Amino acid sequence: MLLSALFFTAMNITVKYLSGFSAAQLVFFRSLGSLFFTVPLLIKNRISPLGNQRKWLVLRGVAGVTSMGLFFWSVQYLAIGTAVSLRYLAPIFASIFALLFLKEKIKILQFFFFGIAFSGVLLIKGFDHQLQTTGLVLVVGSAISSGFVYVLINKIGKHDHPVVIVNYFMMIAVFVGGIFSIFFWQKNPNISELLMLLSLGISGYFGQLFMTKAFQSQATNKVVSLKYVEVLFTLLGGVLLLGDNYTLISLVGMVLVITGLVLNITYKTSSS
């Protein structure tokens, strides 16, 4: 899980560094980089890329590219640490969608934990004057879309291979990102920038790979909270490498967001 956090941090910092490119360009190159891994894996293991539940796979891909695009767009307005911490509101929206569409129950204590997380958002928005409303709306939209992705993956279940699910996501993201890039092409990359753009897919792929391996271990309840170390790593990377500045109020708000989410996950894993 720590390796996963490091790779996702590398992707986050690179996205912020490349914020001169449009969100569509970032989506296109990030997805193209991941296809270098997913397509050969499908071919090597003789797995049909079409999948079984195509309607849900396409819907998952659309929701995923929406979340990714909104997140990359929000980074143009927010410090990268703030954007990452607020995007982690996704599990809350996932619980709400699961309640509405999968009839899963939310326990009373979970609402208290969700309240802690949202109080952090209100604290950041209410007292951090560096936070732009546009960026907040975009990143919360990303979290909502990401929460919907969780529910769709749950719906797909084990009926399709995980690589097929990811490959659908990347194929749709390449298509959507490519189409939108035609209309929102902000900058032509030089060689070093092109390599950095493609590296987004590499770091994103390995971040996902190591996270999956962590969840497949026999100690999920012990490692799941470590997922949020990504926020700490990204905060430090933003300060040291990008010169980001954070107010004390915004840091307290981020701590509340992550605390509420970690408490919710710990409670769910201990009571399941």
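From a predicted model like this one, the values you see are computed outputs, not experimental measurements.
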For the [atom1] atom of [X] and the [atom2] atom of [Y], what is their distance to the nearest 0.5 Å?
{"X": "T9", "Y": "L232", "atom1": "OG1", "atom2": "CG", "value": "8.5 Å"}
{"X": "K155", "Y": "L57", "atom1": "NZ", "atom2": "CG", "value": "13.0 Å"}
{"X": "L109", "Y": "K107", "atom1": "CG", "atom2": "NZ", "value": "9.5 Å"}
{"X": "L99", "Y": "I106", "atom1": "CG", "atom2": "CD1", "value": "4.5 Å"}
{"X": "L123", "Y": "M254", "atom1": "CG", "atom2": "CE", "value": "10.5 Å"}
{"X": "N52", "Y": "D160", "atom1": "CG", "atom2": "CG", "value": "4.5 Å"}

If I compare all heavy atoms of [X] with all of [Y], which pair ends up nearest, and what's the gap?
{"X": "G237", "Y": "I13", "value": "C-CD1, 3.6 Å"}
{"X": "N264", "Y": "Q110", "value": "OD1-NE2, 2.9 Å"}
{"X": "L198", "Y": "F36", "value": "CD2-CE1, 4.4 Å"}
{"X": "P49", "Y": "L42", "value": "CB-CD1, 3.9 Å"}
{"X": "S31", "Y": "V174", "value": "CB-CG2, 3.5 Å"}
{"X": "F71", "Y": "S142", "value": "CB-OG, 3.4 Å"}

Can you check side-chain contact (heavy atoms from CB on, under 4.5 Å) on V164 and I47, steps first, answer last? CA-CA 8 Å; V164 173; I47 301 171; 3.5 Å; yes
Report whether [X] and [Y] are members of the same hydrophobic cluster (ILVMFWY, side-chain heavy atoms less than 4.5 Å apart, transitive linking).
{"X": "F210", "Y": "L41", "answer": "yes"}
{"X": "L78", "Y": "L236", "answer": "no"}
{"X": "V163", "Y": "V149", "answer": "no"}
{"X": "V121", "Y": "V137", "answer": "no"}
{"X": "I165", "Y": "L32", "answer": "yes"}

Flag, side chain of [X] to backbone of [Y], donor-acceptor distance under 3.5 Å:
{"X": "S250", "Y": "T247", "answer": "yes"}
{"X": "W56", "Y": "V58", "answer": "no"}
{"X": "N190", "Y": "S192", "answer": "yes"}
{"X": "S67", "Y": "A63", "answer": "no"}

Run the ring-centre check on F28 versus F180 and record whether the distance is less than 6.0 Å. no
Test R60 against I156 for side-chain contact (heavy atoms from CB on, under 4.5 Å), laying out the working first. CA-CA 9 Å; R60 182 263 182 267; I156 294 169; 4.3 Å; yes
Checking side-chain contact (heavy atoms from CB on, under 4.5 Å) between V15 and each of V75, V84, L197, which is the one that passes?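 Answer to the side-chain contact (heavy atoms from CB on, under 4.5 Å) test with V15 among V75, V84, L197: V75.
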Just so I know, are the side chains of [X] and [Y] near enough to count as touching, which here means a heavy-atom distance under 4.5 Å?
{"X": "S34", "Y": "V166", "value": "no"}
{"X": "L3", "Y": "F206", "value": "no"}
{"X": "N154", "Y": "E104", "value": "yes"}
{"X": "V239", "Y": "Y246", "value": "yes"}
{"X": "I202", "Y": "F37", "value": "yes"}
{"X": "Y77", "Y": "T133", "value": "no"}
{"X": "F29", "Y": "L194", "value": "yes"}

Which word best sums up how the rings of Y267 and F113 line up, parallel for under 30°, tilted for 30 to 60°, or perpendicular for over 60°?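 Aromatic pair Y267/F113 classed perpendicular.
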Here's one to test your reading of the geometry: is the NZ or CZ of R30 within 45 degrees of the ring axis of F72 and under 6.0 Å from its centre?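 Because its charged atom misses either the 6.0 Å distance or the 45° angle limit, R30 does not stack over F72.
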Under 3.5 Å side-chain donor-acceptor pair for R87 and S74: no
Are side-chain N/O atoms of N12 and E230 paired as donor and acceptor at under 3.5 Å? yes
Step by step, would you call M68 with F169 a side-chain contact (heavy atoms from CB on, under 4.5 Å)? CA-CA 10 Å; M68 184 195 300; F169 173 26; 3.3 Å; yes
Which pairs count as ring-ring contact (aromatic ring centres under 6.0 Å, His included) when at least one residue sits in residues 142-168, sequence neighbours excluded?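 Counting only pairs at least two positions apart or across chains, the ring-ring contact (aromatic ring centres under 6.0 Å, His included) contacts touching residues 142-168 are F97-F148.
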Report the residue from F233, F8, Y88 that forms a ring-ring contact (aromatic ring centres under 6.0 Å, His included) with Y228.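 Only one option passes, and that is Y88.
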Determine whether more than 12 heavy atoms belonging to other residues, nucleotides or ligands lie under 6.0 Å from atom CD1 of I191. no
Within residues 13-24 or reaching into it, pairs that qualify as side-chain hydrogen bond (donor to acceptor under 3.5 Å, both in side chains) - sequence neighbours excluded: S22-Q25
Derivation and outcome, side-chain contact (heavy atoms from CB on, under 4.5 Å), residues L59 and K55: CA-CA 6 Å; L59 192 56; K55 178 181 71 174; 5.8 Å; no
